[in-house]
Amino acid sequence: MDLNEKIAALRERMRQCGVDLFMTTTEDAYLAESAVDYWRGLRWLTGFSGTLAYAMVTQDAVSFWTDARYIIQARHQVKIDQVEYYDVTKVGADYYLDWMVEKLSAVEGEQLVMAVDGRTITTAKGLLMKENLQRLQGKTCVLRTDLDLVNDIWADRPAPAYCPIFEHEMKYAGRSRQEKLADLRAGLAENGADHTIVGTMEGVVWLTNMRGQDLVNPLFMSHVLVTPDTAKLFACIPMIPPELQEKLRQDGYELYDIDQAEAEIRKISPDAKLFYDPYRMNYALFAAVPEPVKKIRGFDLVNDLKAIKNPVEIQNFIRTDQAECAALFRFFHYIKKHVGEGNLDEYNLWEPLYRIRCENPEYLRSKPYPLMAAYMENAAGPHYFATAEEHAPLRPSGVLLIDALAHYYGGTTDLTRTLYLGPCPEEEEIRRDYTLTLRSLMDLTRQVFREGVDGAYLDSVARRIMWNAHLQYGYGTGHGVGYCIVPHEGPQFISEPSYKKEWAFCFLPIKPGMVMSLEPGVYKEGRYGVRLEDNMYIVEDLTNEFGTFYRFQVMSYLPFERELIDVEMLHPDEIEWIDQYHQICWENLSPYMNQEEKEALREATAPLQA
């Protein structure tokens with residue numbers, strides 16, 4: 001079936017089930033940023049391959065919702081008749097609720113039904129939709145979350161694929177399972193609670209000191225129910241080695257099959273007090289909680305605990321970032337050396353990078369994270385991914401944006417550089433935008449801030465340069481980076497308040513020990529894109545009579561592109577900062593290089609005005 005035939009089949013199934021409006025999302029039951037093929041119903045239905053979107057279908061309308069990172073990609077991939085595209089960074093994160101109410105208001109009849117698979121929406125979204133369905137005038141609408149209509153028409157849907165689970169050793173974790181459970185229970189007690197559901201895989205792998213291989217991130221499909229006396233782990237238990245299963249039992253865990261989670265949640269004692277984060281648990285799990293249970297809403301305690309890296313994690317992070325920067329510089333040198341031969345394209349670039357990374361025994365190579373390589377106009381989509389079917393060849397002209405994510409036992413890295421491949425007609429404008437992006441990154445990296453400051457305040461520091469040049473990028477400037485977990489981690493988030501309003505993470509304070517990625521950029525549709533991204537952690541700067549102040553400490557020293565820096569646009573202190581940064585690049589990376597690569601590195605890190 002083509003995409004329009006799939007929509008027609010869905011509408012027929014909706015008629016059979018008495019459903020007036022159906023919603024499908026990119027989420028899985030674990031709210032992961034990437035999902036196994038079993039959960040990619042929206043991709044199958046619409047053709048969209050990005051990681052954040054949802055679609056709503058009635059008998060006469062189709063809407064597709066994503067953010068500024070993916071809207072260009074959506075228009076290219078979602079070729080459905082009369083589809084309406086919405087960029088939530090422009091129309092607002094909650095506008096889909098107005099669309100939902102408007103379309104249902106136009107449906108004949110007084111008893112309506114909206115359906116969505118409750119496993120694929122957050123508890124917050126489920127509660128919000130139920131609340132807004134009350135806005136209907138003269139009609140009532142039931143929200144059914146027990147229907148998976150895409151499954152009913154997806155004849156060759158793949159089964160969930162479970163992979164082996166392994167222990168994340170103490171030399172990497174820095175803190176034991178027992179200690180982490182004790183920390184979590186202490187946090188529950190402080191909030192007047194005695195139960196919680198860890199609804200995300202990233203929370204589970206941190207809490208259990210285990211990692212998996214189910215996805216491109218080192219996760220395994222799972223949930224945990226924490227009670228005063230035990231912790232119930234729901235996973236594919238046969239994938240856990242027997243000796244590790246025994247360790248888990250000794251450390252206070254009971255082991256259950258992944259499909260038993262909702263049944264065990266229904267057994268929670270009526271007098272229990274459950275702490276929950278509606279944005280970190282799917283709606284089906286929440287709906288399974290017995291009605292008499294007292295529900296205490298707040299921010300995910302596991303998320304907060306894992307965001308503050310312990311000293312072992314920080315030291316491993318620094319070491320890992322240094323090794324990854326060396327691998328990337330060697331990779332960039334390879335690209336520049338061979339781009340004129342006509343054999344490189346956006347898609348096949350992953351191969352030489354993979355070979356270089358595999359020289360490091362701590363690299364998790366079983367399921368490498370896809371490389372984001374975007375040449376010229378393709379880079380105007382901030383999260384463009386080349387595929388085997390659709391990719392651009394590289395030429396010794398213009399710029400290439402590389403966003404490289406990787407997982408190592410000692411940390412996760414998320415770094416971006418825009419490479420100069422050769423002269424092009426847009427070169428002067430690209431150089432201006434690159435220098436503005438570099439100045440934006442420098443501004444925020446060098447900014448000292450007081451204790452208690454949140455991401456919304458800090459976001460404007462990076463955007464000052466952009467706004468003064470009448471430029472804007474449509475995503476948050478900074479996000480947390482997980483520790484051998486996921487590249488995008490909360491709650492630390494640096495963003496304009498209007499972006500991802502649902503999360504509200506940008507209003508939470510940035511604290512010492514958090515690891516973050518900062519990534520300003522300039523994107524000009526149909527022409528080119530520029531982005532720079534470094535990883536850093538938060539440290540205390542000083543305390544005086546005015547309070548305590550924090551700052552960013554860079555971990556990922558990777559040279560900037562000299563050919564794209566307009567020195568005339570820089571202030572003397574900015575030139576000094578870049579020269580110092582490049583000196584550290586030389587000191588950190590040169591030990592990893594052969595003689596040819598060292599010569600390239602010395603040239604890349606020479607003083608700007610030498």
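Nothing here was measured: the structure is a model prediction, and the numbers come from that model. The figures that follow rest on heavy atoms only: side chains count, while hydrogens, waters and symmetry mates do not.
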| query | Can K247 and E167 be said to form a salt bridge (Lys or Arg N to Asp or Glu O under 4.0 Å), step by step? | reply | CA-CA 10 Å; K247 285 184 181 180; E167 187 162 24; 2.9 Å; yes
| query | Stepwise, does the side-chain contact (heavy atoms from CB on, under 4.5 Å) test hold for N303 with R280? | reply | CA-CA 9 Å; N303 213 29; R280 306 283 294 170; 3.1 Å; yes
| request: Test salt bridge (Lys or Arg N to Asp or Glu O under 4.0 Å) on D214 and K367 and set out the steps. | output: CA-CA 9 Å; D214 291 354; K367 289 187 177 179; 5.7 Å; no
| request: Test side-chain contact (heavy atoms from CB on, under 4.5 Å) on Y276 and T196 and set out the steps. | output: CA-CA 6 Å; Y276 77 103; T196 193; 5.7 Å; no
| task | Check the pair D271 / S269 against side chain to side chain donor-acceptor pair (under 3.5 Å), numbers first and verdict last. | result | CA-CA 5 Å; D271 60 356; S269 171; 2.3 Å; yes
| field | salt bridge (Lys or Arg N to Asp or Glu O under 4.0 Å) between K139 and E110, worked out | value | CA-CA 4 Å; K139 301 174 185 285; E110 297 179 357; over 6 Å; no
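In this structure, E108 places its CD atom where only 12 or fewer heavy-atom neighbours from other residues, nucleotides or ligands lie under 6.0 Å away. Around CD of Q250, the count of heavy atoms belonging to other residues, nucleotides or ligands within 6.0 Å exceeds 12. Within 6.0 Å of atom NZ in K6, more than 12 heavy atoms from other residues, nucleotides or ligands are found, so the atom counts as buried in its surroundings. Counting heavy-atom neighbours within 6.0 Å of K130 NZ, excluding the residue itself, gives a total of 12 or less.
With N282 contributing its side chain and T122 its backbone, the two residues share no donor-acceptor pair below 3.5 Å. Within the 3.5 Å criterion, the main-chain N or O of W154 finds no donor-acceptor partner in the side chain of N151. Of the possible donor and acceptor atoms, none in the side chain of T477 sits under 3.5 Å from a partner among the backbone N and O of L518. Formation of a donor-acceptor pair under 3.5 Å by the E5 side chain with backbone atoms of D2 is found in this model. In this structure a side-chain-to-backbone donor-acceptor pair under 3.5 Å is missing from Y279 to D300. Between the side chain of D277 and the main chain of V198, no donor-acceptor pair closer than 3.5 Å is present. At least one donor-acceptor pair closer than 3.5 Å links the side chain of S222 to the backbone N or O of F220. At least one donor-acceptor pair under 3.5 Å links the side chain of K295 to the backbone N or O of V293. Within the 3.5 Å criterion, the main-chain N or O of T227 finds a donor-acceptor partner in the side chain of R185. Formation of a donor-acceptor pair under 3.5 Å by the T416 side chain with backbone atoms of E533 is not found in this model.
Under the 4.5 Å side-chain criterion, counting only non-hydrogen atoms from C-beta, T26 is not in contact with T51. At least one side-chain heavy atom of L149 sits under 4.5 Å from a side-chain heavy atom of M14. Side-chain contact between S34 and N217 is present, with heavy atoms from C-beta onward closer than 4.5 Å. Residues H488 and V481 form no side-chain contact, since every pair of their non-hydrogen atoms from C-beta on lies 4.5 Å or further apart. The closest side-chain heavy-atom distance from M372 to L405 is below 4.5 Å. Between D117 and T145 the shortest side-chain heavy-atom distance does not fall below 4.5 Å.
Evaluated for a side-chain contact (heavy atoms from CB on, under 4.5 Å) with L21, the options V113, V116, L104 yield exactly one hit, L104. Applying the side-chain hydrogen bond (donor to acceptor under 3.5 Å, both in side chains) test between R175 and each of N310, D183, N209 identifies D183 as the sole match. Partner of Q73 under the side-chain hydrogen bond (donor to acceptor under 3.5 Å, both in side chains) criterion, out of R69, R75, Q77: Q77 alone.
Taking the six-membered ring for Trp and thresholds of 30 and 60 degrees, W65 and W99 have ring planes more than 60 degrees apart, a perpendicular arrangement. Taking the six-membered ring where the residue is Trp, Y70 and F48 present perpendicular rings, their angle passing 60° and hence far from 30°.
Annotation: Y483 is in aromatic contact with H168 [ring centroid separation under 6.0 Å]. Residues F64 and Y86 keep their aromatic ring centres 6.0 Å or farther apart. Taking the six-membered ring for Trp and the full ring otherwise, F275 and H195 have centroids separated by 6.0 Å or more.
To the nearest 0.5 angstrom, M129 atom CE is 8.5 Å from Y283 atom OH.
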